[in-house]
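First listed ligand is number 1; within each ligand, the first listed atom is number 1. All values reported here derive from a predicted model rather than from experimental measurement. Computation of the quantities below employed the complete heavy-atom set of this structure, encompassing side-chain atoms and omitting hydrogens, waters and symmetry-equivalent molecules.
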Amino acid sequence: MGYRYDNGVLLHGPSGCGKTTLAHAVAGSVGASFIPISATSIVSGTSGESEKNIRDLFDEAIRVAPCLLFIDEIDAIAGKRDSANKGMESRIVSEIMNGMDRIKQNTDLGKNVVVLAATNRPEALDQSIRRRFGTEIDMGMPNEAAREQILRSLSRDLSLADDVNFKELAKLTPGYVGSDLQYVVKAAVSESFRGSLDDLLTKAGSLRDPTELSDASPAQREWLLLEDHRQASWGESRITADQFKTAISRVQPASKREGFSTIPDTTWSHVGALSDVRKKLEMSIIGPIKDPELFTKVGIKPAAGILLWGPPGCGKTLVAKAVANESKANFISIKGPELLNKYVGESERAVRQLFARAKSSAPCILFFDEMDALVPKRDDSLSDASARVVNTLLTELDGVGDRSGIYVIGATNRPDIIDEAIRRPGRLGTSIYVGLPSAEDRVDILKTLYRNTIGMARGQTAANIAELEKVAMDMRCTGFSGADLGNLMQAAAQACLERAYLHQQQAQGSSGMDGIEVDPVIEIGDWEVALKEVKPSVKDIGVYEDIR
Ligand SMILES: Nc1ncnc2c1ncn2[C@@H]1O[C@H](COP(=O)(O)OP(=O)(O)OP(=O)(O)O)[C@@H](O)[C@H]1O
């Protein structure tokens, strides 16, 4: 039919998302020859040997055509040639390009070979190699529906209790990729095994001749019991929803271990006051992420994101994290200046990559702290390079639009120097002011900070609470931000410890800082010491009021 398919397909996505499994599944279904190879196994220490291995590999694929050649972790051998990869690595890259070109020529002669390559770092590939892969498939992080299907398929042959609900389990596993879910299923099986083994141990007498068990060595006994377990009716050993949930709490997703984006642990219980801000965020971001259908039904087009602005230390970052947690979205946090690079073009590339990463982690909240540094007003004083970064960011924001699952939260202390274009409807159309807390708000914030740090260990008493109220209402706390209240609590805790050491030294005549025996509790005197030390950090609140 004259259709020319691509000879090269590049699969990318985080490790464990199923690239290798997919390659094997494709090979199984097309019925062509299949040559799977791990890129690192091609490399040899001897000069010229690696290049020869690659040549042989492509020759073999052409000889046995039609063939699917699968190269796993291709970034290990086809990295960028400009970044310190000289000599041998450069020759390897040329050899791969050569091989791909030969495959193309042979297609015209009726010998069909497709190269399927996998990587979790597509941006690290040499550009000319990447260009030879006409099709790229971003496997990304599985969303809720995909996780449900993966869990269902992994549990296909297992005997499950009636209360197992895959939809619910998928909700509990955001940020988990295929391999994480496989661990979850394995852990659930071993959980159920443990439960059943305990059962069997108690019932052992009735299942077997007791002497058989008492005469056996511990290892033999375990084996006998496992055999019993296997033969027991499945009705007795079905995996329950609770066992799945325990398994989920045991398995940490790889993305979290590798420092990729994950859902933050911060919840609204960590945020004091700011209820108005919370309400606005619920309508503008949390709702559209949690229930997109409802919002489209009533004709609300979700914006790309919002802008939080206000004095430093008033909880912008905290709130952004709580939003991500409540919407069960992944969270990528980046400080504006971190994206600015002195090399021309690098910053734009970094911005584009950031959005690509967010897309593969959808639903995802991209948090830009110090946004003013990234998108300053485009006037005559702005360099061409900076203007290009602003343009790139605007283009990416426009692409985010409908249902991409990416939401941007920008934060700044200087909304007056941000380029206006970023605040147009459809982009960061809503600006929310996160200001200094009132006296009542301070009480709420101090209580929240206390409950989540000190109170967690020792609980709260009515006396503590009354003390916190008194401290937060104190005139000397006027103008304190949330961060200042955090510092105040640290200073009070410090004063409390010093007092306890001093007390002990006087009582025992001992010196040194170790071996405190009493359990120190912050008292009103400690708060007094702290109030003398800590001063408000926001000096020019009038500036913010003027902008408002
Ligand atoms: N409303 C609040 N409730 C509880 N803690 C708060 C609150 N506001 C601030 N804090 C405390 O202050 C710390 C700093 O706040 P955060 O980083 O969110 O401020 P920010 O507005 O993002 O500041 P910056 O503009 O400097 O980035 C928090 O980690 C928290 O301990």
Side-chain angles (χ1 to χ4, degrees), residues 264-282 285 305-326 331-339 365-375 408-418 428 431-456 460 465 468-469 471-473 477-494 522 530 534-541 543-545 547-548:
D265 299 328
T266 307
T267 65
W268 287 111
S269 72
H270 294 94
V271 183
L274 299 179
S275 53
D276 281 353
V277 173
R278 177 176 177 175
K279 237 178 263 156
K280 285 184 193 153
L281 288 167
E282 249 149 27
I285 295 212
I306 51 138
L307 184 70
L308 297 176
W309 71 278
C314 288
K316 295 183 287 297
T317 312
L318 201 65
V319 158
K321 285 186 177 166
V323 166
N325 179 292
E326 177 156 355
F331 186 75
I332 298 178
S333 169
I334 193 102
K335 279 197 191 322
E338 281 172 11
L339 281 179
I365 288 181
L366 247 180
F367 178 67
F368 288 96
D369 205 358
E370 299 178 46
M371 191 142 201
D372 42 285
L374 199 61
V375 273
V408 177
I409 301 185
T412 179
N413 305 326
R414 298 290 314 272
D416 51 319
I417 58 164
I418 283 193
L428 308 189
S431 297
I432 301 178
Y433 179 61
V434 185
L436 279 183
S438 65
E440 287 75 25
D441 290 344
R442 289 200 303 266
V443 172
D444 199 29
I445 294 174
L446 196 58
K447 281 186 187 168
T448 308
L449 289 169
Y450 189 88
R451 190 180 57 235
N452 286 306
T453 46
I454 300 168
M456 214 115 82
Q460 273 172 300
I465 293 173
L468 294 177
E469 282 173 5
V471 171
M473 295 293 250
C477 285
T478 310
F480 268 27
S481 66
D484 296 335
L485 290 168
N487 290 341
L488 186 76
M489 208 178 69
Q490 287 295 310
Q494 180 85 22
I522 300 181
V534 181
K535 301 284 170 241
S537 57
V538 182
K539 300 282 177 239
D540 44 1
I541 191 65
V543 175
Y544 298 95
E545 295 302 331
I547 301 174
R548 257 178 111 187

Item checked: Expected output: side-chain Asn452 to main-chain Ser269 donor-acceptor under 3.5 Å -> yes

Notebook entry, point to check: Between Val319 and Arg278, is a side chain to side chain contact (heavy atoms under 4.5 Å, CB included) present by the stated rule, with each step listed?
Noted result: CA-CA 8 Å; Val319 158; Arg278 177 176 177 175; over 6 Å; no

Next item on the list: Would you please write out the protein residues whose heavy atoms approach any atom of ligand 1 to under 4.0 angstrom, listed by chain and number?
Entry: His270, Val271, Gly272, Leu274, Pro312, Gly313, Cys314, Gly315, Lys316, Thr317, Leu318, Asp369, Asn413, Ile445, Leu449, Gly482, Ala483

Checklist line | Under 3.5 Å donor-acceptor, Asp441 side chain and Ser438 backbone | finding: yes

Check: Which class fits the ring pair Phe367 and Phe331: parallel under 30°, tilted 30 to 60°, perpendicular over 60°?
Finding: parallel

Check: Short question: side chain of Lys316, backbone of Val434 - any donor-acceptor pair under 3.5 Å?
Finding: no

Next item on the list: Assess whether side chain to side chain donor-acceptor pair (under 3.5 Å) is satisfied between Ser537 and Asp484, documenting all intermediate values.
Entry: CA-CA 7 Å; Ser537 57; Asp484 296 335; 2.8 Å; yes

